[in-house]
There are 2 protein chains.
Amino acid sequence: MAGNPTIYDIARQAGVGIATVSRVLNGGARVSEDARAKVQAAVAALGYRPNRAARRLAAGGLNRPRIAALVPLFSADFYANVARALARGVAAAGMDLVLVDVADREDKLRHFTRLVEERACEGLVLCSMGLGEERQDLLRGRGVPFVALDYRLPGVPSCWVDNRAGAKMAAQCLLDRGARRLGWIDGPATVHAFHDRAAGFDAVAGADAPRVRAPAVTRDDGRAAATQLLDLHPELDGLVCANDLYAVGALEILRMRGRTVPDQVQVIGFDDQPLMDHIGLTTVRQPMAGLGSWAAAAITRLVVDPGADIPGKRFALELVARATTRDQTAG
Amino acid sequence: MAGNPTIYDIARQAGVGIATVSRVLNGGARVSEDARAKVQAAVAALGYRPNRAARRLAAGGLNRPRIAALVPLFSADFYANVARALARGVAAAGMDLVLVDVADREDKLRHFTRLVEERACEGLVLCSMGLGEERQDLLRGRGVPFVALDYRLPGVPSCWVDNRAGAKMAAQCLLDRGARRLGWIDGPATVHAFHDRAAGFDAVAGADAPRVRAPAVTRDDGRAAATQLLDLHPELDGLVCANDLYAVGALEILRMRGRTVPDQVQVIGFDDQPLMDHIGLTTVRQPMAGLGSWAAAAITRLVVDPGADIPGKRFALELVARATTRDQTAG
DNA sequence: ACATGCTATGGAAGCGCTTCCAATGGCCGG
DNA sequence: CCGGCCATTGGAAGCGCTTCCATAGCATGT
């Protein structure tokens, strides 16, 4: 009994035919109470679990394609927003979205392998993550189309933003508005986006500008990083943050310490997640809905037409100036 | 040729055997270029799409259960947060989560029917929605377990909050802190939660207290409602809002009009979604993660053990006093 | 020229389930 | 007491695909 029990096992155990088992399992039309009870007992005894694939095959159900999205840190607002757009777009194309929240690299690989091995999806959206050639070939071999979101994967339909340019924009923005000593709150090194943003910051502020790396992506991390940064460098008059939550955390610390924003210290975030306009945070807007919608459109298209040629798309990042920065210095 | 073409059709069209077709389709080990080309041409010509169920059955893949969640207005933060917890919990149990964003009642029914007919899932989570007896029986007949989230469904494992009590708490909170004339920003009538909250508000403030109903659940709706409410009733000194976004919108309008908060007008929201602490909004905290986690645990349990008896759970609502209300009046 | 070892290929056997169809047995009316 | 009908049941035929196995076609080695 290597695999799971089948209805044959149940039938044998219950002393009835497979047809009867099936009837009991499917809403029991025309089955005696006696038979029903025996079957249910057998099901319980053997821990039987119907095989979905067989059911659908036999029942001849529809064949609705499934799109799986590998999303890191689903709890981050950026991804929640991306996921929304993805869900909408996929549903609009008449397909289902399976959201997989991957915690780390290892987790990602595990899920990836499973999805592919099990043929659990007809299309795959990879969010913010690379994929070795070997694994790409695995997908191609299996005929599973895939697209990259927030990551530029050569030869694969991808949508991305220029994080480096965005961070340059952010740092330059503060400089333009009179800041002279910039500090950088960086994100986890494992996330490529932060890597690129750090590079952008460096390009403008110099690689020796003060910085602290937050271990995760929460507001708490931002608070801790800001505390550390300001303790070490009280002279800072501009804080460039790798995401909005860090910036909000920093704002709280600054307020707590009585440093006025934007007069004494200017702050800029990255993402422009919801409510940032209410809070008045100057930030670099990411096209979250745009990325999600694009990816949904791309992958659903590829599922229907595997040969489609879909050019990658770079989405523009936009600086949104608000209350945590001063007015642009005239002239 | 009623249904979709099968590999037999492809094989015939291409003049090869089905085994060859299968090989081409699965990453083409040991197939001549000639055969491959012919098969691919046939696939394209016939618009062939492999049947997933058959594939998985034949390949003998794993049989990972799928949990579908019918979530209304996925774009609302409440649901985004619930969905996160759901995704985590379901993944932790080794199952997949299919998120379905239902726009309205009709949409809900359509998806529901499809999911059940197609046996697209082994378990169903219904968020904030009822389900007629008839449909419940359909699920039971099919042997598909289901749980209700944010809705108390008799005889079904449910988790919910007492929205009425929550709104009473909110209104009473303002009264306790010195407000005398309360206004109510209500949500769409189709959402049961708003219905209950309105009843709670009425119980404390009276059914004739001023109110405006917002057509949707965005901050913009809150702004519009607040504008209308304040125009009609400039004397209001307390605004009870059916959700946090309305409250934030109201705050913006109040600020714009120079009404101080909480001195002239006190404001309270509902949900305590992320960042409300930063904004300083007094609100009624909903256990979003708790609801999602509970539902995930319940449904995954039921999928594994259909006979499990899972008692419903009411989650407590908690008042979180912050800066948009005054200090509690002493004594 | 013949045995040998490949590669490419087709046929057929299931994967586990649903469901049609025929068969069984008990009960009714005549 | 018997034919006929209905409720219940089991067997068997696929659902469309993957894959094992046997076959055939060729190019080698001797």
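Only a predicted model underlies this, so the values are computations on that prediction, with no experimental measurement involved.
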Between [atom2] of [N] and [atom1] of [X], the distance in whole Å:
| X | N | atom1 | atom2 | value |
| --- | --- | --- | --- | --- |
| B/Ile10 | D/dC17 | CD1 | P | 9 Å |
| A/Arg23 | D/dT8 | CZ | P | 10 Å |
| B/Arg36 | C/dT7 | CZ | P | 15 Å |
| A/Leu46 | C/dG16 | CG | P | 14 Å |
| B/Arg52 | C/dG16 | CZ | P | 19 Å |
| B/Leu57 | D/dC15 | CG | P | 13 Å |
| B/Asn51 | D/dG14 | CG | P | 17 Å |
| B/Ile18 | D/dT18 | CD1 | C1' | 9 Å |

Using a heavy-atom cut-off of under 4.0 Å over every strand shown, decide if B/Val16 touches base, sugar-phosphate, or nothing.
-> sugar-phosphate

Please report the shortest heavy-atom distance between [X] and [Y], naming the atom on each side.
| X | Y | answer |
| --- | --- | --- |
| A/Arg56 | B/Ala53 | CB-CB, 3.8 Å |
| B/Lys108 | B/Gly130 | NZ-O, 3.4 Å |
| A/Lys38 | A/Gly15 | NZ-O, 4.4 Å |

Which comes earlier along DNA chain C counting from the 5' end, the contact point of B/Ala19 or that of B/Ala54, where each point is its nearest nucleotide?
-> B/Ala19

Which comes earlier along DNA chain C counting from the 5' end, the contact point of A/Thr20 or that of B/Ala35, where each point is its nearest nucleotide?
-> B/Ala35

Choosing from D/dT18, D/dC17, D/dC15, which nucleotide comes nearest the side chain of B/Tyr48?
-> D/dC17

Under 4.0 Å: is that the gap between some side-chain N or O of [X] and OP1 or OP2 of [N]?
| X | N | value |
| --- | --- | --- |
| B/Ser32 | C/dT9 | yes |
| B/Ser22 | D/dT18 | yes |
| A/Arg55 | C/dT18 | yes |
| B/Tyr8 | C/dA12 | no |
| A/Asn26 | C/dT18 | yes |
| B/Thr6 | D/dG16 | no |

Apply ring pair (Phe, Tyr, Trp, His ring centres under 6.0 Å) to A/Phe112 and list each qualifying residue two or more places apart in sequence or on a separate chain.
-> none

Using salt bridge (Lys or Arg N to Asp or Glu O under 4.0 Å) as the criterion, point out the one residue from B/Arg66, B/Arg52, B/Arg114 that pairs with A/Asp96.
-> B/Arg114

